[in-house]
There are 2 protein chains.
Amino acid sequence: MKPKTTMKSIAEELGVSVSTVSKALKDNPRISKETRKKIQAFSKLLNYQPDARAINLRKNVSKVIGVVIPEITNHFFTTVIKGIDYMTKKRGYQVMICLSNESYIEEVKNIKLLTSGSVDGLLISISSGTQKKGHYDHLFNIKNNHLPMVLFDRTEDFIGCDMVKADDIGGAYNATKTLIKSGCKRIALINFKPYINIGKERKMGYCMALDEYGIKENRSLIFEVDEEKDLFKQIEKIFNLNPLPDAIFAVKEDFAAIAIKLALKKGLKIPEDISLISFVNGLISEYSSPSITAVIQHGYNMGKMAAELLIDRIENKTTKKPYETKVIATRLKHRDSTKK
Amino acid sequence: MKPKTTMKSIAEELGVSVSTVSKALKDNPRISKETRKKIQAFSKLLNYQPDARAINLRKNVSKVIGVVIPEITNHFFTTVIKGIDYMTKKRGYQVMICLSNESYIEEVKNIKLLTSGSVDGLLISISSGTQKKGHYDHLFNIKNNHLPMVLFDRTEDFIGCDMVKADDIGGAYNATKTLIKSGCKRIALINFKPYINIGKERKMGYCMALDEYGIKENRSLIFEVDEEKDLFKQIEKIFNLNPLPDAIFAVKEDFAAIAIKLALKKGLKIPEDISLISFVNGLISEYSSPSITAVIQHGYNMGKMAAELLIDRIENKTTKKPYETKVIATRLKHRDSTKK
């Protein structure tokens, strides 16, 4: 690789000082016209481009926003990134995306890398590893260092910062209510392990709907699955119940798609024998056969709103504005896994 | 937002020069012990952290790699990113990901942003918009500026740089051969529009397999779809053929999943009446019912190899090493859409 052309290399090549090169490139009349022309022509010849890092360093801004997401192969997070990308470009920022891969250690490393001076602010969705451990010092440190930060989707209230999240309670409530109104009474819930915050809230919405229609919460219908273990084996237990449930509400679309595969294998008809609704409206819900009725979380809007909140915080150089939590209303997308 | 602590702000606060602060923080004995201790204690109190950008700027490296991908909500590209992320972290680099959203203009803008001094090299997968337009000046410019670059997946030979790609010809050849060997003779091909390079190669593999088994290429069985238009309408035409094809080979998994939905709607049995194989082994192939036999491209390995090639090129500061093209062999994942 040939070294990059810098003011220093131009100065060395022409036997002048760096300061002369700098002034000549700004067409400063304190440098003789002849020297200016020579330096300008030579810089053009060598394809010299001013270094954006140097300019930003002088201004003490990087115009870069760091994003930490738990899982890149999760369709929902990719739609959030699309929204973040749209808004950051619109406001003149670049995005640096890091992946925690649901690991606490990786999340800490990502944040260390990003905060070593190269970002103006952070957008973070907390990994399940961090929620399982319950260690949040790395997030409090960001606050202590006065670096603007917005949490999205996987949030924790006690950190004390701006947040954007889907209405997990309302989305689950509406999904469950839709199943009840279509005639279902024994509604199984496939949930995350209890340390995942969004799972707690989705269960809350499920229970609220049952309660409203006088259906008693039945603990044998609630399945908490561990994503690190075989999902098929864990979800198959639903079909050992006697009597079988007449509906399933899953908090994640791959849980629902696996339930569909297992139900079809058992010879059950969907939605006649068993109805399904899933949280997360991604590729799996759309392309599964039958397609899955799903809760739309508006990931693209979530990304746009989170980026906007962060950039407003970065550009408004006071700490006086109180922290905001934006809750995005969900919507149900009706497909073939529920009765019309 | 409270301003960040810098050497300048420490110097101002303590009434000393920036140079004194710098020396004191390096424990330089030319500064009196008392002053050193005072400056070090004060810096600690204010949570001063040296700016990685300043250090890297002095070395004329950023330790950041720019990645330009056409589409973030495409599962294949997310697996490539996972591989890139793994390798860059291992080699001590950060990743800055930009999205071209399949647009030539966005791709040009991404590259302009990334090359304004803030990356040591680029990993690029060319957008369909660029391939459609056939404009490649922005890629030649990267070469002219001596910035290391590796193209992955969507590549163009004539650019002249390191490349990593899947064996698109071999993968399509094996898929088609598998269909023929299971007894299929009328194999429809759902392909991209012809300006997409990987589509040309996949068609070549399809034709090679037909030719090997003495099956004449039948142009009425080849469907080139435009992803910007309604895919259901375009793919539905396959089922108007008389006689119907006995197999479909799709170059992308959502094409295959749509074909499955349409086939089931027509009352066809899969794989008894019609078999399907798809390129791309992602979430859709896995969760579709029936699940889809698919060509695995090893996206994770592609990402790792592309990042490794790039970092080797960055750290080996000569242009002498000839450009390499690494072709990754594919593998067929057998599922329920083909006969055993």
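Computed from a predicted structure; not experimentally measured. Below, chains carry the letters A, B, ... as their sequence lines are ordered, and counting in each starts from 1.
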Among B/K8, B/K89, B/E253, the residue with the most heavy-atom pairs under 4.5 Å to chain A is B/K89
Turns out that what part of A/D254 lies under 4.5 Å from chain B's heavy atoms comes down to both
Under 4.5 Å to a heavy atom of chain B? For A/L264 that would be side chain
Using a strict threshold of under 4.0 Å (side-chain N to carboxylate O), is an ion pair present between A/K63 and A/D120?
no
The reported gap from NZ in B/K143 to CE in B/M149 (rounded to nearest 0.5 angstrom) is 7.0 Å
The interface call for A/T88 against chain B, heavy-atom contacts under 4.5 Å, is neither
Bottom line for B/N74: the part with an atom under 4.5 Å from chain A's heavy atoms is neither
With chain A, the option among B/L99, B/I260, B/N101 that has the most non-hydrogen atom pairs under 4.5 Å is B/L99
_Is a donor from one side chain sitting under 3.5 angstrom from an acceptor on the other, for B/E102 and B/S127?_
no
I'd like a table of donor-acceptor pairs (distance under 3.5 Å, sequence neighbours excluded) in which one partner is a side-chain atom from residues 76-83 of chain B, with atom names and distances.
| from | atom 1 | to | atom 2 | distance (Å) |
| --- | --- | --- | --- | --- |
| B/T78 | OG1 | B/H75 | O | 2.6 |
| B/T79 | OG1 | B/F76 | O | 2.6 |
| B/K82 | NZ | A/E71 | OE1 | 3.3 |

When the 4.5 angstrom heavy-atom criterion is applied to A/E286 and chain B, the contacting part is backbone
- Task: Measure the acute angle between the ring planes of A/Y300 and A/Y86, then classify it against the limits of 30° and 60° as parallel, tilted or perpendicular.
- Result: tilted
Show every donor-acceptor pair shorter than 3.5 Å between a side-chain atom in residues 90-97 of chain B and any protein atom, with sequence neighbours excluded, or say none if there are none.
| from | atom 1 | to | atom 2 | distance (Å) |
| --- | --- | --- | --- | --- |
| B/R91 | NH1 | B/D312 | OD1 | 3.2 |
| B/R91 | NH2 | B/D312 | OD1 | 3.0 |
| B/R91 | NH2 | B/E315 | OE1 | 3.3 |
| B/Y93 | OH | B/E315 | OE2 | 2.9 |

Counting heavy-atom pairs under 4.5 Å with chain B, the top scorer among A/I258, A/N110, A/L283, A/D85 is A/D85
